[in-house]
Amino acid sequence: HFTTTAKSVSLCNNFFLFSGNFPEKFNSEKERKEFSWEPNREETGRSFFSVYFLRLPREFVWSFLVLCVWRGGMSTTTGTVNYRNGTNRSSLRTQSSASTSGGQKSTLKSKSVLRKSSPASLGGGSGAASKSGSGGDAGVPGRVRVAVRLRPRNGEELIADADFADCVELQPEVKRLKLRKNNWDTDTFEFDEVLTEYASQKRVYEVVAKPVVEGVLDGYNGTIMAYGQTGTGKTYTLGQLGEEDVADRGIMVRAMEDILSEVSLETDSISVSYLQLYMETVQDLLDPANDNIAIVEDPKSGDVSLPGATLVEIRDQQSFLELLQLGEAHRFAANTKLNTESSRSHAILMVNVRRSLKTRDGLSSEISNGNSHMTKSLKPPVIRKGKLVVVDLAGSERINKSGSEGHTLEEAKSINLSLSALGKCINALAENSSHVPFRDSKLTRLLRDSFGGTARTSLVITIGPSPRHRGETTSTIMFGQRAMKVENMVKLKEEFDYKSLSKRLELQLDNLIEENERQQKAFVDEIERITVEAHNQISEAEKRYANALEEEKLRYQNDYMESIKKLEDNWSKNQKKLAADRLALGEKNGLDITSNGNRSVAPALDEVSELKKLLQKEAQSKMAAEEEVNRLKLQLTEFKKVEVSGNSEIMRLHKMLENETQQKEKLEGDIATLHTQLLQLSLTADETRRNLERHDSENTSGAHPESAENPPVGRLFEQVGLQKILSLLEAQDADVRIHAVKVVANLAAEEANQQQIVEAGGLTSLLMLLRSTEDETIHRVAAGAIANLAMNETNQELIMDQGGIGLLSSTAANAQDPQTLRMVAGAIANLCGNDKLQTKLRSEGGIAALLGMVRCGHPDVLAQIARGIANFAKCESRASNQGTKRGKSLLIEDGALSWIVQNAKTETSAIRRHIELALCHLAQHEGNAKEMVKEGAIWELVRISRDCSREDIRSLAHRTLTSSPTFLTELRRLRVDVR
Ligand code: ADP
Ligand code: MG
């Protein structure tokens, strides 16, 4: 290898020297590129060494000579040396490199600007991070990686700077860059990567971008950014599409190629936004109309997003290229419109890669394989989201040159704000300052994650070779140096996909429910089958047992009969024998008695032993039969046991069923509670709204409060639905009922709603409530609603038909609360005003109920009672005028008159007015006159005819007094003048 690396580097410099003359030789730009951008080509290698050979100090010649021979000779070297000005430049260089090579060590030592950076290539740290897996929440330290790229001289520079050396010298082997300060002094800087003008686009991609892209695929955020003076190759490095020459493809295109080849489009997704940041506004390059996109920061995670930006799903490379072209076209158009150049704006490409991790612990959605699977599948799938941000920054010269191009000051500030803010942030981060002014510009807000955040960041700083731009180049290099000090904490962007987990669990649940149903059915069937089988077996066994028993019995009987027969035979045989013997003995005349006796005993003994044997046999078969019986009994108990176990299983199932029912009930209870809460909420909202509106109407228009009530009640009506509200009247929960009845009462207060309520069965439900509950509040509210509904004639008949009087009466009898009584009395009072219902009302105890409520004494209640009586009396007087009513008033029959007379002078005007009217109505019917005289009502009439403040009542009283013969007689008798 080379003797010293330092020397080999200066070798490269000499090659630059010659390449300066290339345009003379190359006809087209493309040709030139091909040559100068292929450093691996044989020619390059040869010229490289040959030049070096020419200018090396003597002591090095030998080693390189050897190397050149090894490279295959030097036959073509002359071709390279022969360029115009070659010698000239060579001598120029010799001067400078002499100082360089000679003072190499001292320069390195003396320069304070020299930075030591980790020898790892770009993204070296990121490799470690990715290996450490998730890396915990804190992340893994990862410094911003910085590469410097030198653009080859362009046509103009080749001519204009032909006589000048480049302002920089690159030493890629040691990753150093030397910046010439003047003819005798240079500064040396180290970078993570030093890319010469020969560096191919592919190599640039591999060292700058590839590790970042790989990180993005692994779920880390990544940033690739180019910074440098306009014309130094930022866009070339990042955005070149390479349509003419594939080797020219820039980082964006190559990154997408890598991403597309890595992901699987079934499970993963890639989406892209393309934006331009100009004068502190973010414009959508994919939708030019969208020209002021807001930057949104999540206060918790600090994540920055642009929800307004167009997001395009990418599925193939071609569509991505088209998208970039579209963006470029829009950028051009936007810049033309705004009279800007792209060099003043920042272009930002955002690529979101979302990947789902495949079955990390063998997750399975199958549920058929038992519970172990189920618990495993409770782990949600893991999603990794990496975001790649590629930023083509505005030209860095803008920082210093603002205002010089005829911009207003404001404009100039805006143009450069983002870039200078970026510089400030990087300075602050490099110095570990406690405050980093991220919020100062849109760019720094957007790049918050890229510098000092969680992303892996690669920065390419691009510089040109021209000494005329030394100032710009220096500041670019310094920017890169500072950026190298920025530490990020690289963090894995991984999250659980709860949505898909929940979807999966739902599926599992459904499957389980189905399976459970099936099993339950199968179980019930099985039980049934077992029971039937057991029954069959038992009956079969019983049958078998009976048969066996019968058989056995028969057999024994037969045996027994046989043995009896045998015995009898034997016995008769013996008898015969004995008789014969006796006969013989008698003939022999009593001789040899003993021997004779002996002869007859022997067969008898035989007989006995035979009998014994028979007996034994019998005993044995009896035992066998008993055994058989026992066995059958055992079998029977066994079957019984099976039956019992079947029964207990059935019991268990029953219990399960009960539990499920209970659970269902509980759930229904919960639903009811939720309904209550809903109702409560709507009620509260309703009330609040009503209060507010009442306030409003009082304060402003002074309109009738009712008019403000309409909308909320109506709305509630629409929202909840009448049927539902009415159904809640029968709810289990007392609270629900109370709220529901309140809502219904509210609705019933509106005449417009009444018909609908009645048609929906609301009246019936309300009446039912009076009957079914003891709750006073419900009674009060329900009675109020009924009173409202009872204003209408049709409803009055309905109420009567449904036993309303009886219900209202019993409610009145039990109620203590004056408000309840007021409502009930009001309802009855309304019914009292219906001509058709008079008799029925009275016969069902309506008047008695009304008079019963007098006990309460509350003026509001009394006023309603008086109104009812007046209504009733009015109907009666109408009827008697028409001749349909004869005889005494039903009111008088029910004993109302004494109360009327007692209260006729009451202070409360509402009561008194009704009583006065009632008296006048009663007095119009001659049938009542006698009673009225007797009870003293006539005096009240006289008083009314004189003192009543209302003219019409006064004259009505007078008229009735003077038109009734009974009254006239009485008045005359007492000498009272009513004229
Ligand atoms: P900037 O990013 O500052 O806008 P460009 O990328 O537009 O610079 O480059 C300016 C010109 O230089 C373009 O014509 C581009 O093709 C050329 N160029 C830049 N870098 C290189 C390079 N490394 N090799 C060849 N040509 C280059
Ligand atoms: Mg550009």
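Position 1 is the first residue of the sequence; numbering continues from there. Start at 1 and go down the list; that is how both ligands and their atoms are numbered.
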query = Can you find a pair of side-chain heavy atoms, one from Leu285 and one from Leu275, that are under 4.5 Å apart?
reply = no
request  = Examine Arg151 against ligand 1 and note whether any of their N/O atoms are separated by less than 3.5 Å.
outcome  = no
query = Only one of Val213, Leu238, Thr237 clears side-chain contact (heavy atoms from CB on, under 4.5 Å) with Tyr205; which?
reply = Val213
Under 3.5 Å: N/O of Gly233 near N/O of ligand 1 = yes
query = Looking at ligand 1, does any of its N/O atoms fall within less than 3.5 Å of an N/O of Gly231?
reply = yes
query = Applying a 4.0 Å heavy-atom criterion (strictly less than), which segment of Ala226 is in contact with ligand 1: side chain, backbone, both, or neither?
reply = neither
ask   = Contact between Gln240 and ligand 1, counting heavy atoms under 4.0 Å?
value = no
inquiry  = When you compare ligand 1 with Asp392, is there at least one nitrogen or oxygen pair between them that comes in under 3.5 angstrom?
reply    = no
key: Close approach, Gly395 and ligand 1, non-hydrogen under 4.0 angstrom   = no
message = Between ligand 1 and Thr230, can you find any atom pair, the residue atom being a heavy atom, that is separated by under 4.0 Å?
response = yes
ask   = So, is Lys234 polar-close to ligand 1, with some N/O to N/O distance under 3.5 Å?
value = yes
query = Could a heavy atom of Glu197 be found less than 4.0 Å from some atom of ligand 1?
reply = no
task = Applying salt bridge (charged side-chain N to carboxylate O under 4.0 Å, His left out) between Glu169 and each of Arg176, Lys178, Arg180, report the one that passes.
result = Arg180
query = Between Arg143 and Asp192, is the closest basic N to carboxylate O distance under 4.0 Å?
reply = yes
message = Are Ile348 and Leu447 packed together at the side-chain level, in the sense that at least one heavy-atom pair is separated by less than 4.5 angstrom?
response = no
task = Output yes if Thr230 passes the N/O/S-under-2.8 Å test against the Mg ion (ligand 2); output no otherwise.
result = no
